[in-house]
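First listed ligand is number 1; within each ligand, the first listed atom is number 1.
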Amino acid sequence: MTAFAYRDGVLCAESLPLEEIAAAVGTPAYVYSSSDVETAYRDFAEALGGLPATICYAVKANGNQALIATLGRLGAGADVVSEGELRRALAAGIPAEKIVFAGVGKTAQELAFALDRNILQFNVESLPELELLNRIALEKGRQAPVALRINPNVDAGTHAHISTGRSDHKFGIDIDQAPAIFARARDLAGISLQGIAVHIGSQLLDLAPYRAAFARLVALYREFQAAGYPLRRLDLGGGLGIAYKGEQTPDLRAYAGVVREATAGLDADLIFEPGRLLVGNAGVLLTRVIYLKEGSSRRYAIVDAAMNDLIRPMLYEAWHEILPAREAAPGAAAAPVDIVGPICETTDTFARGRPLPPLAAGDLLTICSAGAYSAVMSSSYNARLPAPEVLVRGDRFAVVRPRLDHEALIAQDRMPDWLDGESPRQMARPGG
Ligand code: LLP
């Protein structure tokens with residue numbers, strides 16, 4: 001998050017004061033920095049320099065068209081997990097031949113849609129999926145390019161809810177079952193088996209699980225290549241962690257070193273699927289204090305953002321830095337305060353006992369590291385309006401998703417014909 005910094009006591013996104021953006025678009029609002037996204041991509045690409053790599057941005061982290069297009073212009077492909085994400089990636093200009101389609105539950109409709117678009121690869125996660133894809137491809141007189149996603153049974157050492165690489169997780173094909181499924185794939189005329197894939201979890205801070213997973217994957221790759229399978233692609237997934245609280249994050253060159261070591265001499269193109277790494281620290285959520293409330297045992301700052309805007313603290317006990325948009329006076333004493341939203345649930349709490357300088361109603365706060373898995377995981381719970389998204393570039397900003405209005409939200413519902421036009425009173429009249 002280098003683009004978000006205080007200048008003369010005012011927190012800015014690139015060269016724009018966040019207060020200015022909040023005044024223009026209201027709060028809550030997500031604000032992203034183009035330069036942070038671009039720097040994150042370039043740093044990763046540079047670390048992988050010399051490797052035959054395609055970086056397929058994991059669209060699930062943030063599916064806004066403007067962010068996908070920002071990355072696309074730098075050469076990124078996309079990793080998608082639904083027809084919706086595939087459509088988004090294509091609409092934002094990502095070429096189909098740079099798109100991989102992952103996910104444990106792709107439907108027939110989704111597989112057919114992706115096949116018609118000529119995407120690079122389907123990451124298949126089960127035998128029934130393989131058989132269905134085969135049938136759909138044959139019906140179309142086609143062959144589907146497939147990588148089998150292998151579950152290497154490696155513990156990623158991250159939060160249980162975002163860990164995916166152990167055999168008791170729903171993801172991928174158990175490494176022990178791989179030989180049988182490879183053999184089956186060879187017999188399916190609609191399947192062109194081209195690679196293997198792995199993804200062991202998200203927000204990894206340690207390289208050891210990668211080392212273990214890549215070693216198992218590469219051993220399998222070599223074994224099947226030697227057995228005559230025409231493999232040519234290895235998809236190493238995403239998962240690199242970012243600093244939310246000053247954590248020591250994996251050095252990108254060290255990560256690339258692990259990849260180089262594991263794949264040395266291997267005849268394979270490599271795919272990477274980073275999500276959080278590229279956008280996580282490139283975004284913040286702006287929110288204003290509505291009330292300060294002194295409880296008998298705790299102090300609360302009730303803010304206008306809520307768990308519907310950013311659910312990570314509630315779902316994963318995630319810690320997000322919270323900074324006042326105006327820097328506290330030097331020497332101002334920090335006191336612990338609970339930062340809570342307006343939603344009618346105790347879990348609607350962004351931080352408990354967080355030491356912050358004195359706050360007042362109307363103050364603007366910045367919830368940091370909200371570029372990934374924030375807007376995409378939002379909802380309109382409590383009939384709250386989904387917050388707008390803003391993209392900054394230098395001293396300019398653009399609203400890249402406007403705030404919906406209440407009419408639009410209400411208009412999403414339809415009355416059934418037996419309620420249409422009737423007032424509730426008429427409905428309730430006996431025999432009426
Ligand atoms: N590839 C696959 C197959 C994945 O399942 C994921 C993330 C990624 C790539 C990208 O992972 P990343 O580089 O962003 O770690 N909502 C959670 C994170 C869920 C991650 C799901 N899969 C959170 O807010 O922490």
Any cation-pi pair here, [X] with [Y], using under 6.0 Å and within 45°?
X      : Y      : value
Arg354 : Trp319 : yes
Lys106 : Phe101 : yes
Arg117 : Phe113 : yes

What protein heavy atom sits nearest [atom], and how far away is it?
atom                    : answer
atom 15 (O) of ligand 1 : Ser202 OG, 2.4 Å
atom 14 (O) of ligand 1 : Tyr373 OH, 2.6 Å
atom 24 (O) of ligand 1 : Arg312 NE, 2.6 Å
atom 19 (C) of ligand 1 : Ile162 CG2, 3.7 Å
atom 8 (C) of ligand 1  : His199 CE1, 3.4 Å
atom 21 (C) of ligand 1 : Lys60 CD, 3.8 Å
atom 17 (C) of ligand 1 : Tyr316 OH, 3.1 Å

As an exercise, identify every atom of ligand 1 less than 4.0 angstrom from a heavy atom of [X].
X      : value
Gly239 : 11 (O), 12 (P), 13 (O), 15 (O)
Arg276 : 12 (P), 13 (O), 14 (O), 18 (C), 23 (C), 25 (O)
Arg149 : 3 (C)
Gly275 : 12 (P), 13 (O), 14 (O)
Glu273 : 1 (N), 2 (C), 3 (C), 8 (C), 9 (C), 10 (C), 13 (O)
Met377 : 16 (N)
Gly238 : 9 (C), 13 (O)

Hey, what's the ring geometry for Phe214 with Tyr210, parallel, tilted or perpendicular (30° and 60° as the breaks)?
tilted

Aromatic rings Tyr229 and Phe182: how do their planes relate, parallel, tilted or perpendicular, breaks at 30° and 60°?
perpendicular

[X] atom [atom1], neighbour heavy-atom count above 12 within 6.0 Å:
X      : atom1 : result
Arg142 : CZ    : yes
Arg352 : CZ    : no
Arg393 : CZ    : no

Ligand 1 contacted by [X] (non-hydrogen, < 4.0 Å):
X      : answer
Leu277 : no
Pro274 : yes
His159 : no

So for Asp79 against ligand 1, with non-hydrogen atoms under 4.0 Å, the contacting part is side chain

Can you tell me which residue among Asn123, Val198, Leu236 is in a side-chain contact (heavy atoms from CB on, under 4.5 Å) with Glu273?
Asn123

Using a 4.5 Å cut-off on heavy atoms from C-beta on, say whether the side chain of Leu220 contacts that of Ile150.
yes

Can we call the ring centroids of His320 and Tyr244 under 6.0 Å apart?
yes

